[in-house]
Amino acid sequence: MKPYVILISGRGSNMEALLAAGLPGQCAAVISNRPAAAGLAAAAARGIATAVVDHRQYPTREAFDAALAEEIERHAPQLVLLAGFMRILTAGFVARFSGRLLNIHPSLLPAFPGVDTHAQALAAGVRIHGCSVHFVTPALDGGPIAAQAAVPVLAGDDEESLALRVLAAEHRLYPQVARWFLDGRLRLNDGRVQLAGEASSPAQLFVPSLD
Ligand code: GRF
């Protein structure tokens with residue numbers, strides 16, 4: 001079974017969706033930069049090894065990233081999944097895991113990078129919002145997109161209702177993309193995303209409300 005590692009900072013609902021998906025791999029560890037991350041207990045309850053690399057214990061971003069990379073490498077993962085991991089990673093860290101580092105972001109990138117994406121979407125008045133899974137590069141939320149899920153923005157939506165609709169799509173999209181990767185179908189080739197097998201391109205966009 002191919003080992004993979006999940007990095008979290010908080011609630012861990014995407015982590016739970018990944019763990020519940022029966023992926024063709026083995027989750028070797030869940031690692032958090034925050035000791036109080038609720039997702040740690042959920043992972044432990046499933047019998048998965050957990051670790052904390054607390055960013056506050058390190059004087060620099062580089063020192064934290066080096067410790068984090070060391071903890072990850074202990075598990076020799078073929079895939080590292082950022083699931084609500086709220087730290088900006090250094091270029092050195094990203095290079096070390098290049099091509100096997102994925103992130104989920106709650107917007108249809110390249111729209112609304114950074115934080116408060118649902119508020120940004122409401123302020124912009126977009127009618128379509130969603131989430132993206134992308135390979136991580138040094139550009140914040142800027143790496144090559146592996147797949148996206150779109151949801152409508154409905155009249156009367158507030159940040160909370162929109163976030164819930166997007167989160168439900170995240171929980172479907174991320175396991176799908178992780179499965180592609182672990183099956184050896186998805187890879188980064190010369191900075192471009194390649195998905196082998198079936199009718200690849202349509203599968204990389206899905207619209208849950210229209211399923
Ligand atoms: C998700 O919306 C994820 O896309 C974003 O942060 C949130 C984390 O939620 N990066 P959870 O910890 O997976 O529940």
Side-chain angles (χ1 to χ4, degrees), residues 4-21 23 27 29-46 48 50-55 68 79-89 93-94 97 101-123 126 128-153 157-179 181 204-209:
Y4 66 90
V5 162
I6 304 176
L7 270 54
I8 63 170
S9 295
R11 178 178 57 178
S13 71
N14 276 290
M15 173 206 79
E16 293 220 52
L18 290 162
L19 295 177
L23 295 174
C27 183
V30 169
I31 303 170
S32 172
N33 66 306
R34 292 212 175 100
L40 287 172
R46 287 177 173 272
I48 291 167
T50 62
V52 173
V53 183
D54 185 343
H55 62 276
L68 180 63
L79 175 61
V80 179
L81 295 154
L82 307 182
F85 184 71
M86 303 302 283
R87 298 292 301 171
I88 292 172
L89 296 162
F93 179 98
V94 170
F97 295 99
L101 185 58
L102 288 170
N103 180 45
I104 186 153
H105 181 77
S107 79
L108 290 175
L109 290 169
F112 317 134
V115 295
D116 299 329
T117 57
H118 310 304
Q120 290 189 60
L122 289 169
V126 293
I128 298 175
H129 187 39
C131 54
S132 308
V133 175
H134 64 93
F135 285 93
V136 177
T137 64
L140 180 66
D141 300 325
I145 293 167
Q148 296 183 302
V151 302
V153 179
D157 264 339
D158 57 17
E159 255 185 88
E160 198 182 342
S161 62
L162 189 53
L164 273 176
R165 195 174 306 120
V166 172
L167 193 64
E170 293 183 43
H171 294 166
R172 295 179 61 182
L173 187 71
Y174 211 3
Q176 168 72 275
V177 176
R179 183 179 300 282
F181 189 95
Q204 285 172 275
L205 165 67
F206 87 104
V207 186
S209 61

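Since we're looking at a predicted model, the values are computed, not measured. Counting convention: from 1, in listed order, for ligands and their atoms alike. Counting begins at 1 with the first residue of the sequence.
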Fill in: Distance from atom 12 (O) of ligand 1 to nearest protein heavy atom, with residue and atom
G12 N, 2.8 Å
Practice prompt. Show your reasoning for whether ring-ring contact (aromatic ring centres under 6.0 Å, His included) applies to H134 and H105.
Written response: CA-CA 8 Å; H134 64 93; H105 181 77; 7.0 Å; no
Discussion item. Could you check whether any side-chain N or O of E170 sits under 3.5 Å from a backbone N or O of I104, counting only pairs where one atom can act as donor and the other as acceptor?
Written reply: no
Worksheet item: Does the side-chain contact (heavy atoms from CB on, under 4.5 Å) test come out yes or no for F112 and H129, once each step is laid out?
Response: CA-CA 10 Å; F112 317 134; H129 187 39; 4.3 Å; yes
Response to the item:
protein heavy-atom neighbour closest to atom 11 (P) of ligand 1 works out as S13 N, 3.4 Å
Fill in: Heavy atom of the protein closest to atom 9 (O) of ligand 1 (residue, atom name, distance)
R11 NH2, 3.0 Å
Discussion item. If the cut-off is 4.0 Å to any non-hydrogen atom of E170, which atoms of ligand 1 fall inside it?
Written reply: 1 (C), 2 (O), 3 (C), 4 (O)
Discussion item. Run S13 and L167 through side-chain contact (heavy atoms from CB on, under 4.5 Å) and show every step you take.
Written reply: CA-CA 9 Å; S13 71; L167 193 64; 3.8 Å; yes
Worksheet, complete the sentence: Heavy-atom proximity to atom 13 (O) of ligand 1 ranks first, among N14, I104, D141, for N14
Worksheet, complete the sentence: the protein heavy atom lying closest to atom 5 (C) of ligand 1 turns out to be P106 CD, 3.9 Å
Practice prompt. Please examine the side chains of N33 and L68, heavy atoms only from C-beta on, and report whether any two atoms are closer than 4.5 Å.
Written response: no
Fill in: Nearest protein heavy atom with distance in Å, relative to atom 8 (C) of ligand 1
G84 CA, 3.6 Å
Worksheet item: Are any of the N/O atoms in A83 less than 3.5 Å from those in ligand 1?
Response: no
Worksheet item: Stepwise, does the side-chain contact (heavy atoms from CB on, under 4.5 Å) test hold for V133 with I145?
Response: CA-CA 6 Å; V133 175; I145 293 167; over 6 Å; no
